[in-house]
There are 2 protein chains.
Amino acid sequence: MATAARALGGYGYVSPATREQVLAAAVRLGYQPNDVARSMRAKTTRTIGFVGADIVNPFFANAMRGVSDVARQHGFDVFLTNSDERLDLEQQAVRALLVKQVDGIILAPTGVGDAPHLRSVVESGTPLVFIDRALADVPADSICIDNVAAAETAVGHLLALGHRRIALVAESPVTGDDARCPVTDDDEWAARSVPDGVSERPDDRVIVPSAARAHGYLRAHRAAGVPVDSRLARRVPRYSQEAARDEVRRMLALPDPPTALFASDNIMGLGTVVALREAGLTMPDDISLVTFDDLDWTAITTPPITVIRQPVYDMGAEAARRLLARVNGDTSPPARVELPVRLLVRGSTARPGPRSS
Amino acid sequence: MATAARALGGYGYVSPATREQVLAAAVRLGYQPNDVARSMRAKTTRTIGFVGADIVNPFFANAMRGVSDVARQHGFDVFLTNSDERLDLEQQAVRALLVKQVDGIILAPTGVGDAPHLRSVVESGTPLVFIDRALADVPADSICIDNVAAAETAVGHLLALGHRRIALVAESPVTGDDARCPVTDDDEWAARSVPDGVSERPDDRVIVPSAARAHGYLRAHRAAGVPVDSRLARRVPRYSQEAARDEVRRMLALPDPPTALFASDNIMGLGTVVALREAGLTMPDDISLVTFDDLDWTAITTPPITVIRQPVYDMGAEAARRLLARVNGDTSPPARVELPVRLLVRGSTARPGPRSS
DNA sequence: TTGTATGCGTTATCAT
DNA sequence: ATGATAACGCATACAA
């Protein structure tokens, strides 16, 4: 009888007496509701998917936590998937999520490449929210920061302190032979960071944070009228702590090494710190450092490190809020949200010392 | 007609020609399989749940990554839930996962309290695998380390170096007034870390890693014939970096401060390092430190920190493997797996120096 | 090899 | 206020 279902599901009309009976029988028989059947009928699973590069990276862990908390508040569960920055894994993950009928997807896209799988998500009607990076040609919400401005702030801080030889430690969005190409000029950067045949200005298409941060590095120099030495603005060929360490090591071995460094995220920053340690350099006397991402450890190194703080948890939470708004029928035009960042000046940055001339 | 279903699902008999036709029509019409319906029919969702305390904690992030990788290899997706070490949230999470009909659950139990919700999971037939901690009265697999032995190794290392005043920096499994009770004696420890009315020996019921590690701390002292100063073996009242810092600060202010410290995990270790920095103490000259968890940052502090390395990723991966074996029908008796740990001796430990007498 | 019919557990609709 | 019935999309048993 449907009355039992009504009592258990808490909908429709049920007399109090009957409800009691039903509920009692339910516990007695160990009734467990089945959300799969409910989802099948309701065509909504109360489930969303999160696709990040790697949950072990504190950036994605914090973002996921924000997503998870907001989702739970609204009675949603979250699938976690790692893409390892690989387009094929990202596609696979998205497909799996769609097959599982998630109500929406939050995704940190893997980069420059084509995004037909993401466009098809949008076309299929499943809400999609980008986090950390936005894909210009996919009409979806995005929760990011202003990477160009943030990097400009960080490098501007170093320039203001009097540094003139500032190294850029940033991963390369390019793979293969071009990976270690220098980044010395806005136009060259624009040409390299945009897919072939696309002619928009960088600002309109900036998608990969590391590229945007490299752009900010250049902009800060130009604003200060300081020329960039191409040997200090090479891209780290692989996205790993070790590759960053090696690149910094090379730059430190130059006849005229940098007096300061700007690392584009926490992985690059960790590798940079390792290289400085190995070289026996002391911050900020021998060299200054600013890195992205305000992780716990940046406050306990000797000295504590000046960082750009991103509101990562909030980015995740906001992404989830926007996604759930879409799930609940919000059809306003896609929004590009940029959350504010802060420069936290700590002990690793100072004016270039006599020892670092 | 069922032929279409057979072609799309890839089961049963379908002639190659028909299959081609069906597949072509499928792409033309934009067919998307629906796993909810499949799950409903198949009574299996190819989904598992992971319940950890906090994905932001690198321990759980690494474990989750191991779980996630193995799950994906087997075609399973993973729900991520955070319990924040709260029993109510853990219960809520488990209930939600069961309602969603997950095929299995991997869970780091929240502690000592009653576990009727977990027993009911097992009784409901849903496979359950514990990670990091095991609940003695719930018959399920567990993937842990030997916390007592690991702590004994760490503290034994300090004792062998000649330290006699070693501080314990460990969270308290007890909440409320007793939280800061000293841990000075095996029996007292046993009495306090076991629920009322349970009389088993500690070794049989050890569940909370911090308690087990405190136990190892005591055992190492006893084995070395070194008495424990109760003022150096207090429990940190709350599980936070700040609480650890405060506790260490107090101990450093003693008339006869410790010459070495043992921190029971990465959060406690971070707080300890902060306290040492604030006190202007240099490792290992002024004081030695061993901490649990081999995180990236422990290698880049000055000096690098001696740690106990847990195979956290492997623990997650192994938990997933065992869970999936259960899902696939393995009915062997519950296994208690203990993975090996390693002591990585780095620069933060040395013989007590003249300055630290 | 292909088609027909049925059920999974829920909820919505419609009578009663 | 309650009971009967249909439908969601898929996979199976069975018939053809």
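Here is how names work: the chains are called A, B, and so on, in the same order as the sequence lines, proteins then strands, and each is numbered from 1.
How far OG1 of B/Thr81 is from CD1 of B/Ile55: 10.0 Å, rounded to the nearest 0.5 Å. To the nearest 0.5 angstrom, A/Asp141 atom CG is 9.5 Å from A/Arg336 atom CZ. Considering CG of B/Asp77 and CG of A/Leu80, their distance stands at 10.0 Å, rounded to 0.5 Å.
Straight-line distance from the CD atom of A/Gln101 to the P atom of C/dT10: 19 Å, rounded to whole Å. The nearest whole Å value for the distance from the CG atom in B/Leu8 to the C1' atom in D/dT12 is 16 Å.
Heavy-atom nearest nucleotides on DNA chain C were determined for B/Gly12 and for A/Gly9, and the one closer to the 5' end corresponds to B/Gly12.
Applying the salt bridge (charged side-chain N to carboxylate O under 4.0 Å, His left out) definition to pairs two or more places apart or across chains, none involves residues 121-131 of chain A.
Note that the two end axes of the helix from C/dT1-D/dA16 to C/dT16-D/dA1 enclose an angle of 50°, each drawn from 5 base pairs, rounded to 10 degrees.
A/His117 has its side chain within reach of A/Leu87: a pair of non-hydrogen atoms, C-beta onward, lies under 4.5 Å apart. Residues A/Val122 and A/Val138 are in side-chain contact: their nearest non-hydrogen atoms beyond the backbone lie under 4.5 Å apart.
Across all non-hydrogen atoms, the minimal contact from B/Ala71 to B/Leu324 is CA-CD1, 4.3 Å.
Exactly one of A/Arg72, A/Arg65, A/Gln73 qualifies for a side-chain hydrogen bond (donor to acceptor under 3.5 Å, both in side chains) with A/Asp69. That residue is A/Arg65.
Among the atoms of the strands shown, base atoms are found under 4.0 Å from some heavy atom of A/Ala2.
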Could you tabulate the donor-acceptor pairs under 3.5 Å formed by side-chain atoms of residues 12-24 of chain B, not counting sequence neighbours?
unit_1  : atom_1 : unit_2  : atom_2 : d
B/Ser15 : OG     : B/Thr18 : N      : 3.2
B/Ser15 : OG     : B/Thr18 : OG1    : 2.5

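Between A/Tyr11 and the phosphate of C/dA12, there is no side-chain N or O to OP1/OP2 separation shorter than 4.0 Å. One finds a side-chain N or O of A/Thr3 lying less than 4.0 angstrom from the OP1 or OP2 phosphate oxygen of D/dG3.
Between the B/Arg133 side chain and the B/Pro109 main chain, a donor and an acceptor come within less than 3.5 Å of each other.
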Which pairs, protein N/O on one side and nucleotides 14-16 of chain D N/O on the other, fall under 3.5 Å?
none

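Non-hydrogen atoms lying under 4.0 Å from DNA chain D are contributed by A/Met40, A/Arg41, A/Lys43, all within residues 30-48 of chain A.
Ranking C/dT2, D/dA11, D/dT2 by closeness to the B/Tyr13 side chain, first place goes to C/dT2.
By the side-chain hydrogen bond (donor to acceptor under 3.5 Å, both in side chains) test, B/Asp265 is found to be paired with B/Tyr239, residues two or more places apart in sequence or in another chain being considered.
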